[in-house]
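Quick note on labels: first sequence line is chain A, next is B, and so on, each numbered from 1.
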Amino acid sequence: MDDRLVIKGVEFKSRLWVGTGKYRDFEETARAIEASGTDVVTVAVRRVNIFDRKSPNLLDYIDPKKYKILPNTAGCYTVEDALRYARLAREAGISDLIKLEVIGDEKTLFPDVTGLLEATETLAREGFIVLPYTNDDPVTAKRLVDAGAAAVMPLGAPIGSGLGIRNPYNIKIILETVDVPVVVDAGVGTASDATIAMELGCDAVLINTGIAGAKDPIAMAEAMKHAVIAGRLAYRAGRIPKKLYATASSPLEGMLI
Amino acid sequence: MFMVMKVRLNGQEYETDAKTVMALLKELNIHPERVAVELNLKIIRKRDYGNTEINDGDTIEVVSFVGGGAIDISERDKAGLYDLVSIYFK
């Protein structure tokens with residue numbers, strides 16, 4: 001069954017994308033990523049610790065030849081910052097992929113939509129493959145695509161909240177509105193949340209805290225792997241319609257009375 | 001001629017006699033492949049590391065990839081992000 005996800009010529013084998021923050025150490029990060037079966041990991045861009053060169057580097061544990069490195073602009077609150085981090089990420093890395101975040105509010109980490117649109121347009125013009133983290137608003141999603149986004153990454157719920165897919169109907173409308181891949185980013189708290197996103201028809205799910213924050217991140221990574229595969233298969237298989245009353249699944253013919 | 005320059009490197013005062021970005025990275029024992037370098041807010045292309053001069057008073061940022069999906073507020077301080085932001089708007 002050919003079911004590949006391709007974004008602007010970049011092929012993704014896994015529909016589960018994994019963030020690399022909040023783990024206890026790099027060893028645990030590497031093990032969780034391995035268990036998740038992913039081939040895409042998101043990373044942030046930060047200052048090198050120049051005064052402690054002994055401190056380990058993430059890329060010593062995550063082989064960029066084995067995994068696609070998807071840099072993000074996490075923590076950026078202005079267009080200028082997001083552009084700066086994106087450009088630094090491209091120079092530090094090897095691809096044009098950028099998970100664009102322009103955060104509008106500290107408490108909710110909801111995106112700043114106007115800033116996001118502006119940054120998307122600029123980076124797309126500079127040849128980036130822009131994957132903007134956005135809210136679950138279909139109109140914004142459409143505008144982002146018009147601005148040059150290669151995919152849209154609507155939140156299921158606030159980052160790190162674990163509240164799941166709070167508005168599945170909006171996600172569904174986004175899927176019907178845009179003609180680019182839709183990747184749910186943020187909010188996935190447990191396996192069923194990931195499955196719901198995939199059953200809706202999303203192209204992939206990105207999870208960080210949902211895995212890293214679990215009591216056993218390695219086991220949760222594996223659970224998420226199965227959840228995403230199950231959700232995708234169910235979506236492709238086509239679910240039965242929901243009905244209010246029962247429909248017998250066993251034949252009445254041949255019964256004793 | 002031996003001359004020590006004072007630069008601001010990743011938000012801290014730093015003294016170096018490295019004349020180019022390449023020499024500075026070598027002095028810091030940093031592999032150029034995995035980093036990006038910004039000199040006075042301008043990103044320096046890897047191919048230009050060898051011929052980009054460092055001058056007294058320069059502001060230099062050397063960044064690389066770290067673990068992160070999205071980081072929460074407490075971790076942001078740890079990562080020195082606010083500091084980087086304040087430098088940018090100085």
Side-chain angles (χ1 to χ4, degrees), chain A residues 17-23 25-26 29 41-51 53-54 57-62 64 69 71-78 80-81 84-85 87-94 99 101 103 106-107 109 133 158-160 185-186 206-212, chain B residues 7-16 18 21 24-49 52 59-89:
Chain A
W17 299 2
V18 180
T20 53
K22 295 184 175 178
Y23 288 95
D25 49 40
F26 287 145
T29 315
V41 295
T42 61
V43 298
V45 176
R46 293 295 179 268
R47 281 173 169 160
V48 172
N49 189 346
I50 43 172
F51 302 104
R53 298 296 305 130
K54 291 277 183 297
N57 183 296
L58 177 69
L59 295 188
D60 294 334
Y61 289 81
I62 298 163
I69 305 292
N72 61 44
T73 61
C76 291
Y77 280 79
T78 63
E80 291 75 18
D81 266 350
R84 185 188 187 194
Y85 276 77
R87 290 162 183 156
L88 282 167
R90 178 151 75 174
E91 191 56 32
I94 39 166
K99 179 165 108 73
E101 296 183 25
I103 303 298
E106 275 201 4
K107 202 168 175 180
L109 296 178
Y133 155 72
I159 291 169
D185 179 11
L206 193 153
I207 307 169
N208 189 355
T209 312
I211 294 173
Chain B
V7 296
R8 194 160 178 85
L9 176 60
N10 283 12
Q12 301 192 46
E13 296 300 331
Y14 185 78
E15 291 190 353
T16 180
V21 169
L24 177 69
L25 292 179
K26 204 171 172 191
E27 179 181 295
L28 294 167
N29 199 20
I30 290 172
H31 198 282
E33 271 311 303
R34 291 179 175 179
V35 296
V37 177
E38 202 184 66
L39 176 65
N40 301 326
L41 294 179
K42 188 173 169 284
I43 292 174
I44 309 300
R45 287 281 138 86
K46 287 196 202 312
R47 60 171 180 273
D48 296 327
Y49 286 172
T52 302
T59 298
I60 304 160
E61 296 286 351
V62 182
V63 301
S64 69
F65 295 138
V66 301
I71 50 175
D72 64 32
I73 289 160
S74 58
E75 283 169 320
R76 240 176 271 154
D77 281 326
K78 230 189 303 176
L81 182 69
Y82 282 148
D83 194 16
L84 188 49
V85 171
S86 70
I87 285 168
Y88 188 58
F89 287 107

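Considering all non-hydrogen atoms of both residues, B:I30 and A:V48 come closest at CD1-CG1, 3.9 Å. Between A:L88 and B:A36 the shortest heavy-atom distance is O-CB, 3.2 Å.
Neither the backbone nor the side chain of A:I62 comes within contact range of chain B; no heavy atoms are under 4.5 Å apart. Looking at B:I44, only its backbone comes within 4.5 Å of chain A, counting heavy atoms on both sides.
Applying the ring pair (Phe, Tyr, Trp, His ring centres under 6.0 Å) criterion to A:Y23, with sequence neighbours excluded, gives no partner residue.
Looking only at heavy-atom pairs under 4.5 Å with chain A, the residue among B:V66, B:L9, B:V35, B:V37 that has the most is B:V66. Here A:A92 is the residue among A:A212, A:A89, A:A186, A:A92 with the most heavy-atom pairs under 4.5 Å with chain B.
Listed by first and then second residue, the salt bridge (charged side-chain N to carboxylate O under 4.0 Å, His left out) pairs that reach into residues 27-36 of chain B are A:D60-B:R34, sequence neighbours excluded.
Here CD1 of B:I43 is found 8.5 Å from CZ of A:R84. Values are rounded to the nearest 0.5 Å. Note: B:F65 CZ to A:T42 OG1 = 11.0 Å, rounded to the nearest 0.5 Å. Distance check, rounded to the nearest 0.5 Å: CD1 of A:I50 to CG of B:N29 gives 12.5 Å. How far CD of A:E91 is from CD of B:E38: 11.0 Å, rounded to the nearest 0.5 Å.
With hydrogens and angles ignored, the 3.5 Å screen pairs no side-chain donor or acceptor of B:E61 with any backbone N or O of A:R47.
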